[in-house]
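Sequence lines set the chain letters: A, B, ... in the order given, protein chains first and strands last, and positions in each chain run from 1. Values below: every heavy atom of this structure, side chains too, minus hydrogens, waters and symmetry copies. These figures come from a predicted structure and were not determined experimentally.
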Number of protein chains: 4
Amino acid sequence: MKEDSEKEQRILDTAAELFSRQPFHKVLLSDVARAAAVGKGTLYLYFKSKDDLYFAVLFREFSSLIDSMRSFLDETELGPDGQLAGVVRILAEHFYARAFNMELLGFVVTCPVTDEWKQLRADLWSLFEGIIRSGIEQGLFRDEDPALTARYISGLVRAVCLFAPGAAGLDEVCRHASEFVLRGLGKKQ
Amino acid sequence: MKEDSEKEQRILDTAAELFSRQPFHKVLLSDVARAAAVGKGTLYLYFKSKDDLYFAVLFREFSSLIDSMRSFLDETELGPDGQLAGVVRILAEHFYARAFNMELLGFVVTCPVTDEWKQLRADLWSLFEGIIRSGIEQGLFRDEDPALTARYISGLVRAVCLFAPGAAGLDEVCRHASEFVLRGLGKKQ
Amino acid sequence: MKEDSEKEQRILDTAAELFSRQPFHKVLLSDVARAAAVGKGTLYLYFKSKDDLYFAVLFREFSSLIDSMRSFLDETELGPDGQLAGVVRILAEHFYARAFNMELLGFVVTCPVTDEWKQLRADLWSLFEGIIRSGIEQGLFRDEDPALTARYISGLVRAVCLFAPGAAGLDEVCRHASEFVLRGLGKKQ
Amino acid sequence: MKEDSEKEQRILDTAAELFSRQPFHKVLLSDVARAAAVGKGTLYLYFKSKDDLYFAVLFREFSSLIDSMRSFLDETELGPDGQLAGVVRILAEHFYARAFNMELLGFVVTCPVTDEWKQLRADLWSLFEGIIRSGIEQGLFRDEDPALTARYISGLVRAVCLFAPGAAGLDEVCRHASEFVLRGLGKKQ
DNA sequence: TATGAATGAGAATTCATTCAT
DNA sequence: TATGAATGAATTCTCATTCAT
């Protein structure tokens, strides 16, 4: 079905761009095709349907986000507090890089949630949760319900990236958000 | 042209219900009409288009949310910490009451943001910001950027309501989230 | 069914005005009602349907045109040539007075032609035909087929009124058209 | 977007046929599509809207009429009188061939008159006017206002074709109308 | 008689999907 | 593989007509 992965990636890039700017029903497949410089029929060589394309985009974006975080955590020498600040930073960078990613963490409220999708979300949260738990073990954090807190973080970062007052730069926002979260986790300062 | 505001409200209620369960393009105006027990043409007596209806729904929900908060703040005797816990609770209740409301605070990513809409959002945030600032004045909170923090709160509550692990009840979630926020604001405990 | 003939006339006037400016399907009954300052339902007290209203308008305009001509012919002392010039003038005045009348004599090609309507048309033509025949009898005109010629006249006047080059005034047009017709009828000059 | 001009022509043919038998609002695009044996969506591949299709039909018919006349005039050896009889004949044939064409010269009363359309009308008239003027130069006709007379002719032919008494055949009508016009132009006989 | 909100059948238009090339 | 013209089911929107007041 696919071979020319370069073309598939171009379609995904284009679709990601368009889906990030308009709601699902305003994005026409003919727009996607034109912007990706492929024929409309070609889309169907790579994706079963419009829904399929949409989820492929979400999936790819989400996966790459999680991969970035995993790489960071694998390589860093920082403690849980530095790790948390780091993943907040990565999250924020993703949001800034493509408005679309903002949809990733919750927008698609009303869409059917596939198992694949649930898995990804769970991966993200358990990643946060892991950091929190290791912070607790080290006596750095305290939190009665790390699973819940893990869910706060993405929503918090999403909100502030979406709506940050114009003046606030990425650095400023990340620093402030990290401190807020760390204090929220009871980090002694 | 109209007069029967009761009918308009029924349409809005119905539409809110349907839009909360399906994405925009899956909600048919004929469904709305049938569910609201009015003729299809009647919808157009009250709303210019499907988009118009959609925004009217969003707007009403958001307005009612803000009104609830304002009433609460007007009547309560609580200090800033109690106020914050209160508005978190109200936010969470709205999200639980109708999944749809979850779109409220994030939806507008891809949609044309009107001035009316911006105003509502600004109202919500300044409401949070006001509480934070009075907490700071009273030496209860510390926060370098209350405007930024105000933006966290709704995103945080939204995320946790959307994704709270099944077991977590509303009370539990609210208590935990409030404490997290209050700690994040440096409240001495 | 009707009593308040003043209101009926107002509706007819208004409808005539609107039908003269737009094709049938662009004229909405709500426009007619508003412009006539009556309720939409009121239209149905006086006319069975939109079609009915349309034909009532055509009928009234046409009848008044024929009446004008008949009055003129009854009162004039002129010979057939003066009579012809006179009815051309009346025709042209009607066309100028209300663009709508231009539809009268043929526009409604594709509409169902009722018997009433056919009768009116026949009346108009026989009126022209009568003048021509009396001219022939008096040795003033010659024409192998007065019935055919009668049909020319209204079309000719209609065309020139519709499309007269901007500069041409009513007087000029009438004089020229009459002379053309009279010459066409072989009037010695 | 298109290429298959054959299909476009088939749609135009079909639409011309249907528009010639019913008023605009009675012609459904689904009828057009079915009769032209194309999908409903295909219509929109070639024409922006129903209005657009309608004007395309009018335009094509009118253009072909003028082309016929031009060809005739280019090839004929006849003098101005024969030329006039010839174009009258062509006009009448067009009207007979398709009732629809009858709208051509009058329809535009109530419709937005585009420049393209004005140009066509002007072309038709200047064609008549040219014949008349050359007749005048040759001492065959006399006419104080050939521009006005040019406008009579189409209206005259249209009227008689529309309303010719049943018995009158095309030949008969053309001969009679031509003679009438020629006499109107003062042709010595 | 008069009204105009309500209606819903009916129309125009759109767009995901197919398929012949 | 790649295309984009063709499709028609699906959807939004319109508007003549009705009817409760």
Side-chain angles (χ1 to χ4, degrees), chain A residues 1-4 7-8 24-34 37-53, chain B residues 1-4 7-8 11 24-34 36-53, chain C residues 1-4 7-8 24-34 37-53, chain D residues 1-4 7-8 11 24-34 36-53:
Chain A
M1 176 82 87
K2 40 196 148 178
E3 173 110 30
D4 186 349
K7 191 166 285 190
E8 184 178 1
F24 183 85
H25 70 283
K26 295 247 187 181
V27 175
L28 308 189
L29 287 191
S30 47
D31 293 341
V32 176
R34 188 172 341 98
V38 298
K40 228 187 316 180
T42 306
L43 299 180
Y44 285 83
L45 294 178
Y46 294 93
F47 306 96
K48 263 205 323 286
S49 67
K50 186 180 178 184
D51 277 355
D52 191 50
L53 172 60
Chain B
M1 183 78 83
K2 45 193 151 174
E3 178 179 357
D4 188 350
K7 191 163 287 188
E8 184 175 1
I11 293 171
F24 184 87
H25 69 284
K26 295 250 188 179
V27 175
L28 309 191
L29 288 191
S30 44
D31 294 341
V32 177
R34 189 172 339 101
V38 299
K40 232 185 314 180
T42 306
L43 299 180
Y44 286 86
L45 233 43
Y46 293 94
F47 305 96
K48 267 206 313 291
S49 66
K50 186 180 177 183
D51 274 358
D52 192 48
L53 172 59
Chain C
M1 176 81 90
K2 41 196 147 177
E3 174 109 29
D4 185 351
K7 192 166 285 189
E8 184 178 1
F24 184 83
H25 71 282
K26 296 246 188 184
V27 176
L28 308 190
L29 289 191
S30 46
D31 293 341
V32 176
R34 188 173 340 99
V38 299
K40 227 185 319 177
T42 307
L43 299 180
Y44 285 83
L45 294 178
Y46 294 94
F47 306 95
K48 262 204 324 287
S49 66
K50 185 179 178 183
D51 278 355
D52 191 50
L53 172 60
Chain D
M1 183 77 84
K2 46 192 149 176
E3 178 179 357
D4 187 351
K7 191 162 288 189
E8 184 175 0
I11 293 171
F24 184 86
H25 69 285
K26 295 250 190 180
V27 176
L28 310 190
L29 288 192
S30 45
D31 294 341
V32 177
R34 188 171 341 97
V38 299
K40 230 184 317 177
T42 306
L43 299 179
Y44 286 86
L45 234 43
Y46 293 93
F47 305 97
K48 267 206 315 290
S49 66
K50 187 179 177 183
D51 275 357
D52 191 48
L53 172 60

DNA chain F: 5'-proximal contact among B:Asp51 and D:Leu43 (nearest heavy atom): D:Leu43
Atom pair distance, as rounded to whole Å: NZ in A:Lys26 and C1' in E:dC15: 14 Å
Phosphate OP1/OP2 of F:dA5 contacted by D:Lys7 side-chain N/O (<4.0 Å): no
Whole angstrom value for the distance that separates P of F:dC13 from OH of B:Tyr46: 18 Å
A:Tyr46 vs A:Val38, side-chain contact (heavy atoms from CB on, under 4.5 Å): CA-CA, chis, key distance, verdict: CA-CA 11 Å; A:Tyr46 294 93; A:Val38 298; over 6 Å; no
Rounded distance in Å - CD (D:Glu8) to C1' (F:dA6): 15 Å
Protein-nucleotide distance (B:Arg34, atom CZ; E:dG8, atom C1'), rounded to Å: 13 Å
For atom CD1 of D:Ile11 and atom C1' of F:dA6, their distance in whole Å: 10 Å
Value in whole Å for how far the C1' atom of E:dA2 lies from CZ of C:Phe47: 15 Å
NZ-CG distance between C:Lys50 and C:Leu53, expressed to the nearest 0.5 angstrom: 9.0 Å
Taking every non-hydrogen atom, the tightest pair across A:Leu43 and A:Leu29: CD1-O, 3.5 Å
Would you list the protein and nucleotides 9-12 of chain E atom pairs, both N or O, that sit under 3.5 Å from each other?
unit_1	atom_1	unit_2	atom_2	d
E:dG10	O6	B:Lys40	NZ	3.0
E:dA12	OP1	D:Lys50	NZ	2.8
E:dA12	OP2	D:Leu29	N	3.2

Length of the line joining A:Asp52:CG and E:dA16:P, which is rounded to integer Å: 14 Å
Nearest atoms (heavy-atom pairs only) where D:Ile11 meets D:Phe47: CG2-CE1, 3.7 Å
C:Lys40 NZ to C:Asp31 CG distance, which is reported to the nearest 0.5 Å: 10.0 Å
C:Leu53 CG - F:dC15 P separation (whole Å): 16 Å
Consecutive-pair stems (3 or more, Watson-Crick or G-U, under 3.5 Å) for DNA chain F: E:2-21 with F:2-21
Of C:Val38 and D:Thr42, the one whose closest DNA chain E nucleotide lies more 5': C:Val38
D:Lys26: salt bridge (charged side-chain N to carboxylate O under 4.0 Å, His left out) partners, not counting sequence neighbours: none
